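What you see is a predicted model, and the numbers here were worked out from it, not measured in a lab.
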Amino acid sequence: MEQYKIEHGDIVLVVNLISVNTRYVDITVNDDFSVSMRIPVGMHQDMAEKYIHMNESRILEEYERKKNRNHQAIPETMDLVNGRILYHSGQKLPFLGDMNLRLQVKYLSVGKETHLYVDEDSQGGRTLTVRTDNDSQDFLRYCVTRYYRRCTTDVVTRKATEFGKKMNLRFNKVQITGLTQHSGTGISRFSYKNIEIRDQKTLWGRCSRKKGLKFDWKLVMLPVEVIDYIIVHELTHLKKMNHSSSFWSEMEKIMPEYRECQNWLNRHGKEYEIF
């Protein structure tokens, strides 16, 4: 198998030429960031090399996209007890695909009221501070979960509205965790009754036959592109209540790169069960 290299600054990509019984040339950036280029049997290597140079910019763009979606958000070194994360001051937690949410616990004297607040820095990092007199893991987990639920609610509300307009969906009202939001005059309305943020156990999202949408409270931990994929996936079920070819065609209209997000979720989704 012949190999070529694409060098761009500090980036070096290895392109593997694979001769197959095909009439077309197909280039794929793999999960290990190598590049597979399938060429017709008999294609001269000079022609293949010329084709690589012609498509170098496209290959580099695909590499950058793959790199951004291929990271593993949850470090293997996180402290666990019986398969669940051990919450403590200084613990870094995932937020929008990065480990940039820092937990800070300040213990108060017995009888003091618990308070949660968040500070953001100029680099996009966040510190979630829990001031409490309760040092149990169950209570800290409740506090952290409460914050994530609120953030997921905000993200789902905004993105469901944005994607719903692009998909020409219609609705009467959006009700999320007990809050009802009415759209203004002239704004398209979606065809679902409510959105619920809950502990989904095994599913990141769900669309019921009654057109109610449910999303897992951990959604905001995921990379932005994967969040978009999950939300668009469930909104698409408002049009197609199956996973037929027409369903995926609808998905592709809004997210041409949905397969990459789907693959990322298949590889890394279970990592979030520790929360």
Should we say atom [atom1] of [X] is surrounded by more than 12 heavy atoms from elsewhere, each under 6.0 Å from it?
| X | atom1 | answer |
| --- | --- | --- |
| Arg146 | CZ | no |
| Asn21 | CG | no |
| Tyr117 | OH | yes |

Check whether any side-chain heavy atom of [X] lies under 4.5 Å from a side-chain heavy atom of [Y], and answer yes or no.
| X | Y | answer |
| --- | --- | --- |
| Pro94 | Tyr148 | yes |
| Ile59 | Ile27 | yes |
| Thr152 | Asp154 | no |
| His237 | Leu235 | no |
| Ile274 | Leu80 | yes |
| Val35 | Asn16 | no |
| Asn100 | Arg126 | no |
| Leu103 | Ser89 | no |

Ionic contact status for [Y] with [X], cut-off 4.0 Å:
| X | Y | result |
| --- | --- | --- |
| Arg259 | Glu252 | yes |
| Lys270 | Glu273 | yes |
| Arg58 | Glu61 | no |

Of the non-hydrogen atoms in [X] and [Y], which two are nearest, and what is the gap between them?
| X | Y | answer |
| --- | --- | --- |
| Ile195 | Ala160 | CD1-CB, 4.1 Å |
| Thr22 | Pro40 | O-CB, 3.1 Å |
| Glu7 | Glu56 | O-OE2, 4.3 Å |
| Trp204 | Gly269 | CZ2-O, 3.7 Å |
| Asp79 | His88 | OD2-NE2, 3.2 Å |
| Leu86 | Gln91 | O-OE1, 3.3 Å |

message: If you apply the rule side chain to side chain contact (heavy atoms under 4.5 Å, CB included), what do you find for Asp98 with Leu96, and how did you get there?
response: CA-CA 6 Å; Asp98 291 315; Leu96 297 180; over 6 Å; no
message: Can you list everything that forms a salt bridge (charged side-chain N to carboxylate O under 4.0 Å, His left out) with Glu234? Sequence neighbours excluded, please.
response: none
message: For the aromatic rings, using the six-membered ring if either is Trp, is the centroid distance between Tyr63 and His8 under 6.0 Å?
response: no
For the backbone of [Y] and the side chain of [X], can you confirm whether one donor and one acceptor N or O come within less than 3.5 Å of each other?
| X | Y | answer |
| --- | --- | --- |
| Arg198 | Lys214 | no |
| Arg206 | Phe215 | no |
| Asp216 | Lys218 | yes |

Is [X] linked to [Y] within one hydrophobic cluster, defined over Ile, Leu, Val, Met, Phe, Trp and Tyr using a side-chain heavy-atom separation of less than 4.5 Å?
| X | Y | result |
| --- | --- | --- |
| Phe95 | Leu116 | yes |
| Tyr4 | Met47 | yes |
| Ile52 | Met43 | yes |
| Leu203 | Val155 | no |

About how many Å separate [atom2] of [Y] and [atom1] of [X], when rounded to the nearest 0.5 Å?
| X | Y | atom1 | atom2 | result |
| --- | --- | --- | --- | --- |
| Glu62 | Asn55 | CD | CG | 12.0 Å |
| Thr132 | Leu140 | OG1 | CG | 7.0 Å |
| Lys106 | Lys112 | NZ | NZ | 15.0 Å |
| Trp217 | Tyr147 | CH2 | OH | 13.0 Å |
| Glu260 | Tyr229 | CD | OH | 12.5 Å |
| Lys239 | Phe247 | NZ | CZ | 11.0 Å |

Derivation and outcome, side chain to side chain contact (heavy atoms under 4.5 Å, CB included), residues Met37 and Ile18: CA-CA 6 Å; Met37 180 169 152; Ile18 305 171; over 6 Å; no
- request: Begin with the C-alpha distance, continue with both residues' side-chain angles, and end with the deciding distance and a verdict on salt bridge (Lys or Arg N to Asp or Glu O under 4.0 Å) for Glu250 and Lys253.
  value: CA-CA 5 Å; Glu250 290 289 337; Lys253 292 177 184 177; 3.3 Å; yes
- request: Mind telling me whether Trp248 and His233 have parallel, tilted or perpendicular rings, with 30° and 60° as the class edges?
  value: perpendicular
Please determine which of [options] meets the side-chain contact (heavy atoms from CB on, under 4.5 Å) test together with [X].
| X | options | result |
| --- | --- | --- |
| Tyr87 | Asp138, Val130, Leu93 | Leu93 |
| Ile254 | Thr236, Val232, Ile231 | Val232 |
| Leu128 | Val105, Asp119, Val118 | Val118 |

task: Apply side chain to side chain contact (heavy atoms under 4.5 Å, CB included) to the pair Thr114 and Leu108, showing each step before the final yes or no.
output: CA-CA 8 Å; Thr114 296; Leu108 307 175; over 6 Å; no
message: Under the side-chain hydrogen bond (donor to acceptor under 3.5 Å, both in side chains) definition, can you give me all pairs with a residue in residues 44-54, not counting sequence neighbours?
response: Glu2-Gln45
query: Hey, mind stepping through Ile6 and Val14 against side chain to side chain contact (heavy atoms under 4.5 Å, CB included) and telling me if it holds?
result: CA-CA 7 Å; Ile6 296 176; Val14 177; over 6 Å; no
